[in-house]
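All remarks here apply to the structure that follows.
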Amino acid sequence: QVQLFESGGGSVQPGGSLRLSCAASQSIYTYNTASWYRQAPGQPRELVATITGSGTITYADSVKGRFTISRDAAKLPLYLQMNSLTPEDTAVYYCNIDTTGRKGWTTYGGVYWGQGTQVTVAS
């Protein structure tokens, strides 16, 4: 089973930058999607950014132009470069990898989550 580990969170002032990383306990050579989610206090978990196995990238409107999702050529580690941070970006950020596939009745692979890393933006 794959375990994911986020790192790079911390406290930063508004306008600052952070880079989050997501590493896996074992090699992952392909996936359907690799994503960053976040959950602020009292709020539902929301999708921040996704990159597909073929390289298609999607961002939430709230982070477009400020955040960049990227990966190594080997698919992982996964990164989230966060610039121009605001207090509204304060949340626990989670890495998510979907490696599921189907053959006939069988579903293989899985969906994996990291433990989360705290990002706090405050003056």
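Keep in mind that what you see is a predicted model, and the values were worked out from it rather than measured. All heavy atoms count here, side chains included; hydrogens, waters and symmetry mates do not.
Checked by atom type and distance alone, the side chain of T99 pairs as donor or acceptor with a backbone atom of G110 at under 3.5 Å. Side-chain atoms of E6 come within 3.5 Å of backbone N or O of Q115 as a donor-acceptor pair. Panel note: side chain N32, backbone T100; a donor-acceptor pair is recorded below 3.5 Å. Judged by distance alone, the side chain of Y59 and the main-chain N or O of G65 form no donor-acceptor pair under 3.5 Å. Proximity of a side-chain donor or acceptor of S123 to a complementary backbone N or O of Q13 within less than 3.5 Å is not detected. Checked by atom type and distance alone, the side chain of Q3 never pairs as donor or acceptor with a backbone atom of S25 at under 3.5 Å.
Side-chain contact between L85 and F67 is present, with at least one heavy-atom pair separated by less than 4.5 Å.
Between W113 and Y94, the ring planes are perpendicular. Angles over 60° get that label, and only those under 30° would be called parallel.
Linking ILVMFWY residues whenever their side-chain heavy atoms come closer than 4.5 Å, directly or via other members, places V48 and I69 in the same cluster. When the side chains of ILVMFWY residues are joined at heavy-atom separations under 4.5 Å, either directly or via intervening members, Y79 and Y31 end up in two distinct hydrophobic clusters. Each of V121 and V92 belongs to its own hydrophobic cluster when Ile, Leu, Val, Met, Phe, Trp and Tyr are linked at side-chain heavy-atom distances under 4.5 angstrom. Taken together through direct or relayed side-chain contacts under 4.5 Å among Ile, Leu, Val, Met, Phe, Trp and Tyr, L4 and V111 form parts of separate hydrophobic clusters.
A distance of 7.0 Å separates CG of D89 from OG of S62, quoted to the nearest 0.5 Å. Here Y108 contributes atom OH and R102 contributes atom CZ; the two are 10.0 Å apart, rounded to the nearest 0.5 Å.
In this structure, L18 and G10 approach most closely via the heavy-atom pair CD1-O, 4.0 Å. Nearest approach of G9 to L20, heavy atoms of both residues: N-CD2, 3.6 Å. Across S84 and S17, no two heavy atoms sit closer than the pair N-OG, 4.3 Å.
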Quiz prompt | Worked verdict on I51 versus L78 for side-chain contact (heavy atoms from CB on, under 4.5 Å) | solution = CA-CA 9 Å; I51 184 167; L78 181 73; 3.9 Å; yes
Quiz prompt | Intermediate values then yes/no, side-chain contact (heavy atoms from CB on, under 4.5 Å), M82 and W36 | solution = CA-CA 12 Å; M82 305 185 294; W36 288 98; over 6 Å; no
Quiz item: Passes side-chain contact (heavy atoms from CB on, under 4.5 Å), T117 versus F5? Steps please.
Solution: CA-CA 9 Å; T117 185; F5 304 93; over 6 Å; no
Exercise. Check the pair I97, I28 against side-chain contact (heavy atoms from CB on, under 4.5 Å), reporting the backbone distance first and the verdict last.
Key: CA-CA 9 Å; I97 306 294; I28 296 177; 4.2 Å; yes
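E46 meets the side chain to side chain contact (heavy atoms under 4.5 Å, CB included) test with R38; sequence neighbours excluded. In this structure, the side chain to side chain donor-acceptor pair (under 3.5 Å) partners of T52, at least two apart in sequence or on a different chain, are S54. Checked against side chain to side chain donor-acceptor pair (under 3.5 Å), K103 has no partners two or more places apart in sequence or in another chain.
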